[in-house]
2 protein chains.
Amino acid sequence: MAKQVMKSSSRKEEGLRERKRRETLHRIAEQGLKLFLTRGYDATTLDAIAEAAGISRRTFFYYFKSKEEILLAWQDGGFSETLRAAVLEQTTKQSPLDAARNGLLELTARFPVDYKQTKVIERLMSANESLRIRQQAKYVEKEAAVFAALSQMWPQPHRQAALRVVAMMSVGALRLAMDSWNRDQGKRPLAVYVKEAFACLNREIGAGASRKAAGRSGE
Amino acid sequence: MAKQVMKSSSRKEEGLRERKRRETLHRIAEQGLKLFLTRGYDATTLDAIAEAAGISRRTFFYYFKSKEEILLAWQDGGFSETLRAAVLEQTTKQSPLDAARNGLLELTARFPVDYKQTKVIERLMSANESLRIRQQAKYVEKEAAVFAALSQMWPQPHRQAALRVVAMMSVGALRLAMDSWNRDQGKRPLAVYVKEAFACLNREIGAGASRKAAGRSGE
DNA sequence: TTGCAAAATTACACTAAGTGCAATACGTCG
DNA sequence: CGACGTATTGCACTTAGTGTAATTTTGCAA
């Protein structure tokens, strides 16, 4: 009863309203996932989810923009933001590619992703066309996040194109790493695959003794 | 009036049925695009498209799996297949990356993509969330096509991981090239941007004097 | 406590994509 | 012609998602 002095300007107190909101959000996500796992994604209607979560169908859309978002929220809890921060923490003494690589590596090493948790989502997503596609789109977001970080670290305009390439390669490596990780059923920690992918990347570029333009198609 | 002798057994004669089918398909795509351009994608209903194409709504789904497919058909007319073929035509004397690069380069150089044509589709696609996402997914297809070609050229199992990386980088380069091309309003031919992207790629890897693992996080 | 404003929740009605089904029209070929 | 398979259609139905307006809940201050 003594805290109402600072009212809305207090920064970290979240209040009852926000707590309820978070609870409801979580309940929807929880029940949604549960239903997806038992009945399958397509066979689960929003009506069913709403009922299981104890809300009306209309209210669902107050919390999620679409049915797909339930799974996306599970799969990718603001990873792009974290990624951006991880890259930004790197020193600019190294090359942009190394900065991206090490940021990615530290992130995956520090928060070892639980395979069993991931696998469940993975299975659901890969069984559905539009979900698979949405999943891919998330990598574009990640790429943008990495590029944003790199661009902040090396703001020179003439470097931007190169940084885009670096972001593309880094996130591409992450994607391939996750593919391998999934193919291996999560045998080894994700970070290992990331490291491998980057090593492979370095190897493949230097290789072939093709410094300038190889083949025909000269300019 | 004298050509109906050879009927169906002749390999390339397509007959009335097939011709009608192709015509209808084209008519739907044509009218669909026209309506999208005038009224906008979302505001154009399938009823409107069907009516404009002189078919029933139900018949539309006999030709296209979804509304989105109309635009996808315009944008990407079996490009993945062509890409795969172009890479396969390359010699295995060069490195996989160079093979992918040169295949891509020859393809974009030989069939110079008309910017004005592309731009129209581009604008429509980028104005719509789900279309943008579907567009991204097309790159995954392309990546698979390049990988398939490379994998056929270098079938050794221990190389597959590297080939995936190469496919990822190559198609990534293509994507960035198309982005630049769009950003530049198609000033220079697409092939130029592709070449630049690959050059950038080579440059960024060698750079930084970071041969092995830079930064901390080393093993 | 009361009252007010904003946020949350809901009901209702509506649009539009996409599917299943069964009937009908049409092209192909014997 | 006549039969077979493909194309076309109408109809009914499901479901995601939106607009709107009414209603309830919550935060806060007088």
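Quick note on labels: first sequence line is chain A, next is B, and so on, each numbered from 1.
- Among the heavy atoms of the strands lying under 4.0 Å from B/T45 are primed sugar atoms or P, OP1, OP2 only; no base atom is included.
- Distance, B/R39 CZ to C/dT15 C1': 15 Å, rounded to whole Å.
- Of the two residues contacting DNA chain D, namely B/F60 and A/E68, the nearest-nucleotide position lying further toward the 5' end is that of B/F60.
- Using a 4.0 Å heavy-atom cutoff across all strands shown, B/Y63 reaches sugar-phosphate atoms only and no base atom.
- Of the residues listed (A/K138, A/K142, A/R134, A/Q135), the one engaging A/D76 in a side-chain hydrogen bond (donor to acceptor under 3.5 Å, both in side chains) is A/K142, and it is the only one.
- By the side chain to side chain contact (heavy atoms under 4.5 Å, CB included) test, B/R58 pairs with B/S56, B/F61, sequence neighbours left out.
- Residue-level contact check: A/T44 touches the backbone only, with heavy atoms under 4.0 Å from sugar-phosphate atoms and none from bases.
- Note on A/R84 versus A/E89: no salt bridge recorded, every NZ/NE/NH1/NH2 to OD/OE distance being 4.0 Å or above.
- Residue B/K67 places none of its side-chain N or O atoms closer than 4.0 Å to OP1 or OP2 of C/dG18.
- Annotation for B/M178 and B/Y139: closest pair SD-OH, 3.5 Å, computed over non-hydrogen atoms.
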Next item on the list: Could you encode protein contacts along nucleotides 19-24 of chain D as a string, one character per nucleotide from 5' to 3', using B for base contact, S for sugar-phosphate-only contact and - for no contact, with a heavy-atom cut-off of under 4.0 Å?
Entry: BB----
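- The listed nucleotides are D/dT26, C/dA11, D/dA16; the one nearest the side chain of A/L46 is D/dA16.
- Looking at A/W181, its side chain does come within 3.5 Å of a backbone N or O of A/R188 through a donor-acceptor pair.
- One interatomic measurement links the two molecules: CG of A/D47 to P of D/dT15, which rounds to 8 Å at whole-angstrom precision.
- Looking only at side-chain heavy atoms (C-beta outward), A/M125 and A/R132 stay at 4.5 Å or farther from each other.
- In the helix from C/dT1-D/dA30 to C/dG30-D/dC1, the rotation axis of the first five pairs and that of the last five pairs differ in direction by 0°, rounded to 10 degrees.
- Remark: P of C/dG18 and CD of A/E129 are 12 Å apart, rounded to the nearest angstrom.
- Two residues, B/F61 and B/R17, neighbour DNA chain C, and the one matched to the more 5' nucleotide by heavy-atom proximity is B/F61.
- Minimum heavy-atom separation, B/P96 to B/R159: CG-NH1, 3.7 Å.
- Proximity of B/S56 to the phosphate of D/dT9: a side-chain N or O atom is located under 4.0 Å from OP1 or OP2.
- One can place CZ of A/R21 at 18 Å from P of D/dT25, the figure rounded to the nearest angstrom.
- B/S80 approaches B/A145 most closely through the heavy-atom pair O-CB, 3.5 Å.
- For B/R19 and C/dG27, a side-chain-to-base donor-acceptor distance below 3.5 Å is absent, hydrogens and geometry of angles not being considered.
- What separates OH of A/Y62 from P of D/dT25 is a distance of 15 Å, to the nearest Å.
- The side-chain heavy atoms of A/T24 and A/R27, taken from C-beta on, include a pair separated by under 4.5 Å.
- For the pair A/Q152/A/F147, no side-chain contact is recorded, criterion being any heavy-atom separation below 4.5 Å from C-beta on.
- Distance A/D42 CG to D/dA16 P: 9 Å, rounded to the nearest Å.
- Computed from coordinates, the A/I49 CD1 to D/dA16 P distance equals 8 Å when rounded to whole Å.
- Taking atom CZ of B/R57 as the reference point, atom C1' of C/dT19 lies 10 Å away to the nearest angstrom.
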